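In what follows, a structure is listed as structure tokens, so that the remarks can point back to it.
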Number of protein chains: 2
Amino acid sequence: MIKNNKNENTESLILEAAKSIFQTKGMDGARMQEIADQAGINKAMLHYYYRSKQLLFEAVFKNAFSLLAPQLNTVLNDDSSIEEKVRNFSSNYISFIAEHPYLPNFIIQELNRNPDFILKMKESNGFPNLEKFKKQVDVEVANGIIKKIKAEQLFINILALNVFPFIAKPLIQNLIDADESDFQHIIEERKTEVADFIINSIKK
Amino acid sequence: MIKNNKNENTESLILEAAKSIFQTKGMDGARMQEIADQAGINKAMLHYYYRSKQLLFEAVFKNAFSLLAPQLNTVLNDDSSIEEKVRNFSSNYISFIAEHPYLPNFIIQELNRNPDFILKMKESNGFPNLEKFKKQVDVEVANGIIKKIKAEQLFINILALNVFPFIAKPLIQNLIDADESDFQHIIEERKTEVADFIINSIKK
DNA sequence: ACATTTGTTAACCAATTGGTTAAACTATTT
DNA sequence: AAATAGTTTAACCAATTGGTTAACAAATGT
């Protein structure tokens, strides 16, 4: 058999396969055998490298979360204005999620199933922190740059407008009668649409 | 044994138990035995009344969807202006979901897992229809009442801002560092906050 | 060359799961 | 009250599932 390089060794083969299965089927719907098949290896190897389904799942989850968190963080903590942050975030985040469409749904779904799970994430560094954003919103409100709004509500709105379409895709597609290409087009539009919508609402 | 009335007969006991288990654990995570235990009856009864796990699940899903759909429909199809629709929807929908917190997540999650499933829902009457809303948005845009926006995008925005906080509750709670009572308070605020946010953005 | 560690496999195992069955119990009909 | 139809139960079943084991193969070190 051909020698594997670092990107094709068994351990990462397993992680990649597990990622794909867990993210589409969830913890409960995923089967160890299916993960092994997709990785092209024996089921016993899953346990050799990750001990149990739970630990393999946690490895996948942490991996996914650590991909998502920096996207939030960079926007929250850079030095641009609120307006610039909103524009950057909407454009970047929608592009990012379009490349990882299962990510937000996976994370949100599994956190709903096991809310204690996020506590482990909070301990790790790189967990998104809202402090700077909060102060910035308060300052811009005080200076009359944007209308009065609580940072938390604004943050929820930004997240909602950007993330929801990906999570609720099957529902939305049917409600607005859009096929796959219609939907892609609408998502593409939203890279600026969402930012404009938010700015219009908060700009004085 | 005491005679059961219509609200306590076995069939609806099962449906209630199944609702509670399926909505918190999902199709894959739910166990027939657990549903039977919660209903206080023998597991064989589940099959006697609903034949299989799949059919029991579909009964629960249709039931849930038929609760949610009219909420969308009444707002989409009444005779008020877009602004009134937005205000009504935000207030009513948030109140409604606050009473059925697992509903949107359940529906969205299971539709993601099984996208074909919504086709069955579409056939049934009462499936939300956007036609009237679309025309109305176009008219109000043409008349200069609201800013230029596509009805589909506005609809997605309304849905996102109202529904997302419930779906992403565990994530949001941790990102903004809110305990249960903080979160309830923020949700309460959103009954007007969301409507104002949308109106601010689209009103000329 | 040999021994030891690391990686891999096929076969196996106990527990769980959705579903069935046959018998018992209860109400309804005649 | 006897027969019939509908409801409920305990015990059972085959299939699936996560996980283990023991033997085998491939590196690695000495």
Side-chain angles (χ1 to χ4, degrees), chain A residues 1-63 106 109-110 113-114 116-117, chain B residues 1-63 106 109-110 113-114 116-117:
Chain A
M1 194 177 285
I2 299 162
K3 202 64 177 32
N4 295 323
N5 65 28
K6 283 208 171 168
N7 290 329
E8 289 166 352
N9 65 21
T10 306
E11 193 168 345
S12 41
L13 270 179
I14 293 174
L15 199 65
E16 283 306 306
K19 205 185 287 185
S20 125
I21 301 293
F22 277 132
Q23 288 190 5
T24 49
K25 308 208 166 182
M27 169 68 172
D28 294 331
R31 295 289 158 250
M32 295 296 268
Q33 187 59 60
E34 198 180 358
I35 295 173
D37 290 347
Q38 175 138 338
I41 47 113
N42 188 290
K43 183 164 67 90
M45 299 305 287
L46 303 181
H47 296 95
Y48 180 77
Y49 283 103
Y50 292 92
R51 293 202 43 173
S52 69
K53 186 184 185 185
Q54 180 66 27
L55 287 175
L56 177 55
F57 174 80
E58 289 183 17
V60 169
F61 188 90
K62 282 175 189 164
N63 195 285
F106 172 65
Q109 183 50 31
E110 299 301 333
R113 209 68 91 212
N114 190 356
D116 297 337
F117 208 63
Chain B
M1 194 178 287
I2 299 162
K3 200 68 178 28
N4 295 321
N5 65 28
K6 282 206 172 171
N7 290 327
E8 290 165 350
N9 64 18
T10 306
E11 194 168 344
S12 41
L13 269 179
I14 293 175
L15 199 66
E16 281 306 306
K19 205 185 286 184
S20 126
I21 301 292
F22 276 132
Q23 289 190 5
T24 50
K25 308 208 166 180
M27 170 67 171
D28 294 331
R31 295 290 158 248
M32 294 296 268
Q33 186 60 60
E34 199 180 358
I35 294 173
D37 290 347
Q38 175 137 340
I41 45 112
N42 188 290
K43 181 164 68 87
M45 297 306 286
L46 303 182
H47 296 94
Y48 181 76
Y49 282 103
Y50 292 92
R51 294 203 41 173
S52 70
K53 186 184 183 185
Q54 180 65 28
L55 287 175
L56 177 54
F57 175 80
E58 289 182 17
V60 169
F61 187 89
K62 282 175 190 163
N63 194 286
F106 171 67
Q109 182 52 32
E110 299 300 334
R113 208 71 90 211
N114 190 355
D116 297 335
F117 207 63

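Every chain is numbered from 1 and lettered A, B, ... according to where its sequence line falls, protein lines coming before strand lines. These numbers come from the heavy atoms of this one structure, side chains and all, not from hydrogens, waters or symmetry mates. Being a predicted model, the structure only gives us computed values, none of them experimental.
Residue B:Tyr48 contributes atom OH, which lies 5 Å from atom C1' of D:dG6 at whole-angstrom precision. Atom CG in A:Leu55 sits about 13 Å away from atom C1' in D:dG18, given to the nearest Å. When rounded to the nearest whole Å, the span between CE of B:Met32 and C1' of C:dT17 equals 10 Å. As a whole-Å value, the separation of B:Lys53 NZ from D:dT16 P is 15 Å. Rounded to whole angstrom, the span from the CG atom of B:Asn9 across to the P atom of C:dA27 amounts to 14 Å. Separating the OH atom of A:Tyr49 from the P atom of D:dG19 is a distance of 18 Å, rounded to the nearest angstrom. Atom CE of B:Met45 and atom C1' of D:dT9 are 9 Å apart (whole Å). Atom CG of A:Asp37 and atom P of D:dG18 are 12 Å apart (whole Å).
Looking at heavy atoms from C-beta onward, A:His47 lies in side-chain contact with A:Met32 at the 4.5 angstrom threshold. Here the side chains of B:Arg113 and B:Asp28 are in contact, with some heavy-atom distance below 4.5 Å. Proximity of A:Tyr48 to A:Asn42: side-chain heavy atoms (C-beta onward) are nowhere separated by under 4.5 Å.
Between A:Arg31 and the phosphate of D:dG18, there is a side-chain N or O to OP1/OP2 separation shorter than 4.0 Å. A close approach under 4.0 Å does occur between a side-chain nitrogen or oxygen of B:Thr10 and OP1 or OP2 of D:dT8.
Closest to the side chain of A:Asn42, from the set D:dG19, C:dT20, C:dT9, is C:dT9. When the nucleotides D:dT7, D:dT9, C:dG19 are ranked by their closest atom to the side chain of B:Ile41, D:dT9 comes out on top.
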Verdict with reasoning, A:Glu110 to A:Asn114, per side-chain hydrogen bond (donor to acceptor under 3.5 Å, both in side chains): CA-CA 6 Å; A:Glu110 299 301 333; A:Asn114 190 356; over 6 Å; no
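Along DNA chain D, the nucleotide closest to A:Ala30 and the one closest to A:Ala44 are compared, and the more 5′ of them pairs with A:Ala30.
Under the 4.0 Å criterion applied to side-chain N and carboxylate O atoms, A:Glu16 and A:Lys19 are assigned as salt-bridge partners.
Between the side chain of A:Lys43 and the base of D:dG19 there is at least one donor-acceptor pair of N/O atoms closer than 3.5 Å.
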